[in-house]
Every structure is written in structure tokens, then in C-alpha cells.
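Naming: A, B, ... by sequence-line order, numbering from 1 per chain.
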Amino acid sequence: MNDKEKAEQAPVSAEAAPVKKKKTQSPGVLALQKVVNDVYQAARDAKKEGKLVGWSSSKFPCEIAETFDLNVVYPENQAAGIAAHHDDTRLCTIAENEGYDADICSYARINLAYAMGNETTNEGRRMPMPDFVLCCNNICNCMTKWYENIARIHNIPLIMVDIPYSNYPEVDDDFVAYVRGQFDIAIKQLEELTGKKFDEEKFKRVCGYANRTANAWLKVCDYLQYKPSPMSGFDLFNHMADVVTARGKKETAEAFELLASELEENLKTGKSTLPFPEQHRIMMEGIPPWPHLRELFKPLKEHGLNVTAVVYAPAFAFRFNDVEGMARSYAVAPNSVCLEKGVDWRSQLCKDNKVDGALVHYNRACKAWSGYMPEMQRRWQNELGIPVVGYDGDQADSRNFNAAQYETRVQALVEAMEEADRKKESGK
Amino acid sequence: MAIAEKLAEFRKIADNPKTQLEHYKSKGMKAVGVMPYFAPEELVFAAGMFPAGMWGSNTKSISRAKEYCASFYCSLVQLDLEMLLDGTMDGLDAVITPTCCDTLRPNSQNIKVAMKNKMKVIFLAHPQNRFPECGVKYTESCYKKIRAELDEVSGHKTTDEEIQNAIKVYNRSRAARREFVKLAGAHPEAVSAVMRSGVLKASYFMLKDEYADKLEALNAELKALPASDWKGVRIVTSGIICDNPTLLKILDDNKCAIVADDVAQETRSFRCDAPEDDADPIHALAIQFRNQDYDILLYDKFSSQNRRGEYVAKMCKDNHADGLILFMQQFCDPEEMEYPYLKKALDAAGIPHIRLGIDHQMRDFGQAQTAIQAFADVLD
């Protein structure tokens, strides 16, 4: 049996993760959950109807596929969901047994195991097998080889948009021309694949929704600037699924706008989604270790720490007016920008969101992200005068996280922030 | 001069990069460090400067680089930074930092910070989608910037003719290395694995015209040898780098001859020439990069096929290899990502292989020795 046949006869060999008690959610949160569930359901329905289904990297310009009415799902989102439901180790191990080394990004390992026909116990995140893949490597180079592997497993076309790494805060015209040229090629490839002509008018409408989503998402993120905050920064991790999987949809924009109105109401009434009093405000750097959200949250709750800055979240707000603007916009991702821009981006966020300290995830799955973190850490300490501590982990391989080390580091951060408070109070 | 003496000279150069750097500096030349992969070194040569290859070190330990890098970074990249920090590369006037992998990307920034007051850091981010016209144009754009930055370092405006001449010198040096790889494979009794590596590695520490002269002379002598009656095992090596003499001696001790290689520091780096008849030498260099193929670091536009794996399997067949040894650089995710499909192609072609994890800081080779010995026994 070849890989594709294996994939189509995927067994479910592991036990399902335990069902957790669900708390009551606001209409905005429910609307956001529905958007993501609909994306997955639409893809499953499309497959049943014999329509094309694509897999896409999270920062591929979704506006292009949306214009073609293509059903697209996102392996990174799926891998995060699988990890959060504790099905990561099983799938990572399957990939490793197939020869994919344990040093490879855990999202990639989970997804490659899935692509080879190993179903996940996270039913909500089950994806039909792909008929094409959309790869944009603005996140990392690993993405390029990961998607080549999917294309090989399923013998399907890969549509590539390469975004080279930037050494300067702004990209130049030659860079934009290169990316723009690739957009044109990607559109042509999708025209051939779908047998449809690219509809410029529809593209404009989709871009309108994508910009509206980006604005509403940024508005939601900006509520973390209020002190105390009307929301828990941890909420952003849950809502990210929407900006990853459904940026170009009207429903997403509407759901974020609804959530923003709820947060506005919270501000007026003094309420917050944070389930404890906010004593300190921190930046949480890096993709969180999804299998350990509970362990991650526990010491934050104990010490009254609200996560009011997450650079990963606003990074998904792509705003532009035209195709060239789209090229410039997609050139800016946390792992594609130079050190100076990366530092400025976070420093501004820390200032705006009134952060007292930062917690850095040295993410074993992400070499591109962790690669200049020690220097960033030094700069935040010097330029912002805030304490910064790091902990070791992995975005989607639970074996690479140690809760005891994490708790000790959070404790150290709390002590440093308290010391800074004491100094401030005594006027030093 | 006898073959053995010539080989020993290359080996000595390969083992003493700092002496080579000092040698060229003493002649009044400027020097530019060139990190992996695919930097257009021709531009450094054309500017009258010495390009010093940087592929880590087998004798140093990572210490200062830890201030910048997390522990899960490949030793090659960390040791390049280490050598920039510890004074080994103080003779450099600039360094070129390509960004073909996720470790090189952020490390270009670390080097920019660490070398701020020491030397010019020349950044290079090749386009991966290098095939369409927009990709070729963007490669040209990157190379034009490098040319201008190198001109700043050299204080001299490089002419098109100088670059065209450099292309000819480099093509000649690449052809000589390709020829040498064939001859070394044909005469393993004369060229051990340790010496073979020395010859190829020396290219990173010599001006390429001097190197080509020397290698062509060696090749002429190897060509004149009678046909080999090699009784040992014939292998192909694969990986980013396998230049540790202690490790290579294990191959020699077990009568494993390297008949061809798919190694980034070796054949992958000189597989592809630049056109010599292009009026625009920058365009010629962009075409050379476009034509780079079968490489784990570069996007393969025919990604649904297993072209690279099959290419390496064919290389084994064409060279009548008994098996392949993959030297897997620890924490090298591009190489790791390609392994399952390389394995599929080798298995399909009936070529046995072993995969050995390596690192520049390896000091104990007991495990490698056992694995290579067992592999050689099986193949023999």
C-alpha cells in the first residue's frame, strides 16, 4: 500500500483525550469557535463532495485561495490543537519511527505523521487529506521542506511563495517585486488547478474582509493596554485559531468585532475575563507549549500575573491596500524580520501594554524563533529596564517541557518584579 | 613531487586555516569570511580579496557562542560564531552570512551584533523560488548589493571583466575538484579518506587560482597511475560535513573507499558552474544559483517527486558503491527532514546505508568506529 492509500485508510489507534468540563462562554467567544469549527467542517464536507481541499502554512496569503473559494485547512493550527489535547507524543513518535528526527519542529512531525494516515484523537481538528499544498516560508525555512514532504506523500502540487529573511527593518522594491512575481505565479497555478479564472473583484472583497478581520483582531489585542485589563492575555492563545484559519472571511471579522464590543462593555463595568486579580503584567514571548497550557497558567494565577503582551498574536494582523501592499505585509512575520525590528516590535508592545517583566520560551521546536532570543533578552533588560527570564519547552512535544523548571523561573520573575516595585516605591 | 607529498601539502593547508589567513594578510590582501551556503565567492575573489571558508572547527569547543545561541543549534554555525568571537578570525575584514536554514537566519543577526565594531557583516538571503524570472532577478539584486558592499571593503570598484575572470577561475577550480573526486574514487590505495578530505577542504583556505594549479598537477599524477585493484569496500558519503580526520581514519582503517560524495562541504558545493559566455557576470552567477539542484537546503520545484533521494541512489549505482554512509549533523533540520525520502530511495535501489550522528565537538569516536566496522563487514 502506498502512502496515499495508507492516508485514506487512516486508523484511530489511540484513546481519546479526557473530556473536560466546559465553562460558559460569551457570544463573541462562541462565534469565534464556530468560525474555526466551520472551516474544518467545510473542508470535510468538500472532500465528501469530491471538491479540492488544500493544506496551507499559516502565513500563506489566504486571500488568494479564498478568492478561488477553495477549502483550506492549516496544519499548524491542527498541530497546536492536537498538542493541546495531548495527542502530540503519539504522533511525534510515529513520525520519528518513520525517520523524521526528534530535532525537527514538532508541528511538522505531528502533521507529517497525520499526512501519512494516522488519525488524531482530537475530533474537532480532523482534516481531510490534501489535494494541493500552499507553502509560504515567511515563518521558517523548515516550512519549505515540510511541505515538500507532504507533496511527496500525496503526490500533489505545491504552490510556493518564498519570503526571504530580512536584514533591515523595511523591505525594498526588489524584494516586493520578487514576492509580487510569485503571487502572479501562484494565481496562475491555482487557475490551472481549479479551472477557474481569478476574479479581481472578489479578491478585492476578500481583502476587505481580511483587513477588517486584522483591524478587529488588533482592536481585541489592544484591550490588553488597559490597566487592569478587561481580559486575560491567555484568551488570545484561544482566539488565534481564527486569525490563522479564517482571516479572509466576513464571519471572522464580525466575530472579532463582537468580542471587541464585549471587552468594551467589560471596561465600562470593570469586569475582566481574567479569573484572578491582576498584580503584575508580563510579556509571554514565543509560541506557548500547547500541551502544557494548564501548567503554564497555574503559577501565573498563583502570583497574579496577567499576560498582557504576546507578539505572536498581533503578528497575524496583515493589513494592506493593494497587491504590493500585500507583498510587503506578508514579508513581516516574527521569524522573517531582523533583530532590530523584532526588538522594536516587542519593546513597543511592552510599553503600550505596560509590562513589568517578560517570560521567554526557548522553544526547541523553533530554531528560527529562539535563535536570537538571548540578545533580545539583553536588549529588553537594558532598554526597558524590566526583568526577563527564560524557560525551556517545545510548542507541541510535551516531552521537552519541565513544569518544575518553569515554576521556578516564574517564581524568579515574580521576585525580580517585586524587587523593582519596592525600589520604585522607595524612590530609588 | 610524489603524490603522497602533494596530498600531505593539501592536508597541511586544510589543518592550518589560520596560517593561511595570515599568509594572505601578510601579502597585503584583505580577507572575507564566507559562511555556508552558496555565497557568490567569485565576487570576493574578483575584488582582489582572500575568501576564507568557514565550516566550523574540529578542535574548538563552544563557549562564547553560548551567549547568543540556544543549546539546540548545530555546532557548525555555533563554532563559526565562536571563531569570530575568540579572535581566530580577527584577520577578517568582513564576513558573508547566508541564511539558507533556520539556524543561519537568526545567527546572521547574532553575528551582526557581535561583530559590530570588528568587521563588516555582509548579509545574504537567497531566494528559494529561484527558477522564475522574478527569482533570477532577485538573486541578481542580492548579488549586486554584495558586490557593492565588497567594493566598500576592498576600496576598489570591481569591474565586470574581473568578475568574468573570477568565474573562469572558479569554474576551473570546480572542474578540478570534480575530476579529483573521480580520481580519488578510482585510486583509493593512493588517496585515503583523510587525504581526500584534506584536498577538498584546502580549497576553502587558498586562492582558487593557486588551488586549481596545485590540484590539476595532482590530478595529472593520479591519472597516470595504473588501474586500481582495490579489494576493500566502496562507499558514498552524504551529509553537511565529514571532515574530522579521526572519523575519516576509521573509514581508512576499515578499507572503506569514498568513491563519490553527496556532502555539502564537498561535491554539493562545486557541482554547478556559472556560465562564462554571459555579458552580465552578475546574471551568470544568478543562473548558477538557479541551476543548483538536489540540495537539502534548497526548494525543489518538483517536490512531489523524490528527485534528490533518487539522484543520490543513482550516484551510488553509477559509482558502483556497495553502500552509503550518512553523516547526520546534529540539529540540522533540513538534512533530517530529507532523510526519510533518501532512505526510501536507497532502499528501493537496494543500496545499504547507515546513518551516523556527528557533531564538531565529538571527541569520542567509539560508537562511530563500531558502526562503520560493522557496516564494512556486512558490505565486504
Side chain / backbone / both / neither for [X] at chain B, heavy atoms under 4.5 Å:
{"X": "A:S370", "answer": "both"}
{"X": "A:N363", "answer": "backbone"}
{"X": "A:I185", "answer": "side chain"}
{"X": "A:I139", "answer": "backbone"}
{"X": "A:I150", "answer": "neither"}
{"X": "A:F175", "answer": "both"}
{"X": "A:R180", "answer": "neither"}
{"X": "A:D184", "answer": "neither"}
{"X": "A:A102", "answer": "neither"}

Just checking, is any N or O donor in the side chain of B:Q109 or A:N167 under 3.5 Å from an acceptor N or O on the other one?
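Yes, side-chain donor-acceptor contact under 3.5 Å.
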CA sep, side-chain torsions, deciding dist, call: B:K137, A:D174, salt bridge (charged side-chain N to carboxylate O under 4.0 Å, His left out):
CA-CA 8 Å; B:K137 275 203 170 359; A:D174 289 353; over 6 Å; no
Between A:K145 and B:D102 (salt bridge meaning N to carboxylate O under 4.0 Å), is one present in this structure?
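No, this pair does not count.
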Side chain from CB out, backbone as N, CA, C, O: work out which of these in B:L104 comes under 4.5 Å of a heavy atom of chain A, or both, or neither.
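Neither the backbone nor the side chain of B:L104 comes within 4.5 Å of chain A.
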